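This report concerns only the one structure given below.
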Amino acid sequence: MEPMTSLDSPTAPSGTASSALFARALEVTPGGVNSPVRAFRAVGGTPCFMSSGSGPYLYDVDGNEYVDLICSWGPLLLGHAHPEVVDAVQRATSRGTSFGTPTLLEVELAAEIVDRTPVDQVRLVSTGTEATMSAIRLARGFTGRELVVKFVGCYHGHSDGLLAAAGSGVATFGLPSSPGVPKGSTAATVVVPYNDTAAVKEVFASYGEEIACVITEAACGNMGAVAPVEGFNATLSRLCREHGALFISDEVMTGFRVTRSGYWGIDGAVEGWVPDLMTFGKVMGGGFPAAAFGGRRDVMSQLAPVGPVYQGGTLSGNPIATTAGLTTLRLATDEVYARLDEVAGTIAHLVSDALGAAGVPHVVQWAGNLFSPFFVDPAEIAVVQNFDDASRQSLHRFRAFFHAMLDQGVYLPPSAFEAWFVSAAHDDRALDKIAAALPMAAAAAAAARPDEDR
Ligand SMILES: *Cc1c(COP(=O)(O)O)cnc(C)c1O
C-alpha cells in the first residue's frame, strides 16, 4: 500500500475527455475515484479514464492506447477481454446473475483451488479485504486468542484491525493508520518490520501464548516487489506451530499469478511446510469480485454453519464472478505461467538496462513474476527488504519516469510502492512499445529534480 502522502491537488490539463470526466467525478465522488491510488496523487496529473481493454492494451476515453502493466492490479492474468472468459461470462449471465443458493460453479471453483494449493477447504467471498478479515476472525475463534502479528508494508485490505501502522521500535502494537479506525481495533495488532526474523522471535518470546495468528503477504507486492528472505515464511510457519498460533499466508496478490499454486509453489511446496490458512483473490475472480480463504479442515470446520465462527455474504460465490474465475484458472496452464515469467523477465531487464544507461540509481526486484524497480541508490540499499528500505526511493525520479512512460503509451502503477503486473497476452508488439518508451523515460528520471513537480 502506498504511504498516505499526497501532492497538491491534481490539476487537469484542459480539453481532454479524461480531464472533463475527472472534473465530473470530483463533484460526485471523493477525489474522483473509488480507490485512492487511482487518483494519481503520488505522481501528480490527471488520471486517465479507461473505456476498454483488449489483450495487453488499455484504451482511454481520449482514444489513446496504453500497454497495461497493472492488469487491474493483478487479476487479468490472461489480459483484457480474453475471448473465452468473455464468452463464458456472457453465457452465464443469460442463465441468471445471482441465486442466493449453492451452485455447481462454486463447488468447481473451490475444487480447483483445493487442487492447486495445500488447503483442504475454502469459503468463497467477494473481496480480498473480506478474505483476510474473515481468516483473522477464524484464527481468533479457533485459538481463543486475540493478538495478530502483521508486517509493516504488507497490505491485507482495509479492515480496521489490519490498517495498523508501526510505531517506533522493532515490534510495536499497531496505531491506527487511518482516522476512523478505533485504537481498540489495532491494539491487538502487533506490527513488525518485514523480513525481520529476529523481531518476530522476540514477539513470540514476549506474547507467544496470546498470539492468534501471524499474517503476511506470501511475497510482498504492496510496497513494490519484496520477496521474503530465504526461510522467512518457513520460520513464521514453525514459530506459529510451536506456539499454538496459526500462520496465515495472504496470497490475494500472488495466488494463481506467480505459479499455478501461487507463491507457496515457490517456497512451501519446495521446503515442505503448509500455511494453516491462506487467502486468495484477484486472479481467482478473473476480473470480477471473487476471493476466498481456506486452510486446514479442522480450522475451517469452526466456520458457521458447522462451527460457531460467523461469516457470510449475499453475493459470495456469485455465478458470474465464479464463471470468470473458473474459466481463467482453467486457462492458466503451465505454458501461461512460463509466458508470464518470460514477459516479466524481458520487461524487467529492459527497465534496468534503460535506467542503467541513463545513470539512474535503482534496483529491480522480483517476487516470482511480480517485479518492480526501486529508485534507491544500490550503494546504500543493495536489496530492498522492508518498507523502510522502499521508502528511501527518490520519488521525484519515479514521478518523472511514470509520466514519460504514460505520455508514450505505457501504463505503469501510479506509485513507486507497487509491483508491476504482466499478462500472458503481452506480445512482441507490446514489448516493443515498452522498449521504445524506456530511453526517454529513463532520461526524464535522470533529469528530475526533487522539487520541480511540486
Ligand atoms: C489486493 C490485496 C488485498 C485486498 O483485496 P481487495 O479485493 O482489494 O479487498 C489483500 N491482500 C493482498 C495481499 C492484496 O494484494
Side-chain angles (χ1 to χ4, degrees), residues 1-2 33-38 70-77 117 122-139 148-164 177-178 189 191 194 213-228 232-233 236 247-258 262-264 266-267 275 277-295 311 313 315-318 321-322 324-325 328 367-372 387 390 413-415 417-421:
M1 186 177 64
E2 68 175 306
V33 294
N34 288 307
S35 201
V37 70
R38 299 179 195 171
I70 300 185
C71 294
S72 190
W73 300 96
L76 301 179
L77 194 77
T117 68
V122 290
R123 171 67 54 88
L124 301 183
V125 293
S126 298
T127 67
T129 295
E130 264 187 287
T132 56
M133 182 183 81
S134 306
I136 282 182
R137 182 179 305 149
L138 179 57
V148 171
V149 179
K150 84 170 284 285
F151 297 95
V152 184
C154 281
Y155 178 66
H156 304 289
H158 64 89
S159 68
D160 280 356
L162 292 170
L163 277 187
S177 62
S178 162
T189 308
V191 189
Y194 190 59
C213 60
V214 173
I215 184 167
T216 182
E217 286 187 55
C220 196
N222 281 293
M223 51 179 144
V226 179
F232 183 65
N233 287 336
L236 299 180
F247 178 43
I248 306 177
S249 183
D250 181 356
E251 294 239 24
V252 171
M253 182 181 283
T254 49
F256 319 115
R257 171 162 275 283
V258 300
Y263 203 81
W264 182 81
I266 296 175
D267 61 9
L277 289 171
M278 300 177 81
T279 53
F280 308 105
K282 298 195 168 113
V283 169
M284 64 159 282
F288 282 78
F293 62 103
Q311 185 280 328
L315 293 177
S316 294
N318 171 270
T322 305
T328 298
N369 58 35
L370 299 179
F371 65 97
S372 64
F387 189 71
S415 160
F417 296 87
E418 303 286 356
W420 297 14
F421 299 94

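Just so you know, these numbers come straight off a predicted model, no measurement behind them. Both ligands and their constituent atoms are indexed starting at 1 by order of listing.
Tyr263 is listed as a side-chain neighbour of Pro228, based on a closest heavy-atom distance under 4.5 Å.
Considering backbone and side-chain N/O atoms, Asn222 comes within less than 3.5 Å of an N/O atom of ligand 1. Annotation: Thr132 places no N or O atom under 3.5 Å from an N or O atom of ligand 1; distance criterion only.
Taking each heavy atom of Thr254 and Ala219 in turn, the nearest pair found is CG2-O, 3.9 Å. Shown here for Ile266 and Gly368, the closest heavy-atom pair between the two residues is CD1-CA, 3.9 Å.
Close contacts of ligand 1 with Thr127, meaning ligand atoms under 4.0 Å from a residue heavy atom, involve 7 (O), 9 (O). Atoms of ligand 1 found under 4.0 Å from any heavy atom of His156, numbered from 1 in the order shown, are 10 (C), 11 (N). Taking every non-hydrogen atom of Gly128 and a distance limit under 4.0 Å, the qualifying atoms of ligand 1 come out as 4 (C), 5 (O), 6 (P), 7 (O), 9 (O). If you number the atoms of ligand 1 from 1 as listed, the ones under 4.0 Å from a heavy atom of Glu217 come out as 13 (C).
Only one option out of Thr279, Asn222, Asn233 pairs with Glu217 in a side chain to side chain donor-acceptor pair (under 3.5 Å); it is Asn222.
Proximity of a side-chain donor or acceptor of Asn318 to a complementary backbone N or O of Ala290 within less than 3.5 Å is not detected. In this structure, the side chain of Ser372 engages the main chain of Ala225 through a donor-acceptor pair within 3.5 Å.
Of the heavy atoms in Thr279, none comes closer than 4.0 Å to ligand 1.
Taking atom 11 (N) of ligand 1 as the reference point, the nearest protein heavy-atom neighbour is Asp250 OD2, 2.7 Å. Protein heavy atom closest to atom 8 (O) of ligand 1, with residue, atom name and distance, is Thr129 OG1, 4.5 Å. In terms of protein heavy-atom proximity, atom 3 (C) of ligand 1 is nearest to Val252 CG1, 3.7 Å. Nearest protein heavy-atom neighbour of atom 15 (O) of ligand 1: Lys282 NZ, 2.6 Å.
Using the six-membered ring where Trp is involved, Phe417 and Phe387 have ring planes that are tilted, between 30° and 60° apart.
Judged by the shortest distance from any of its heavy atoms, Glu251 lies outside the 4.0 Å radius around the atoms of ligand 1.
At a cut-off of 3.5 Å, with distance as the only test, no side-chain donor of Gln311 or Arg137 sits close to an acceptor on the other residue.
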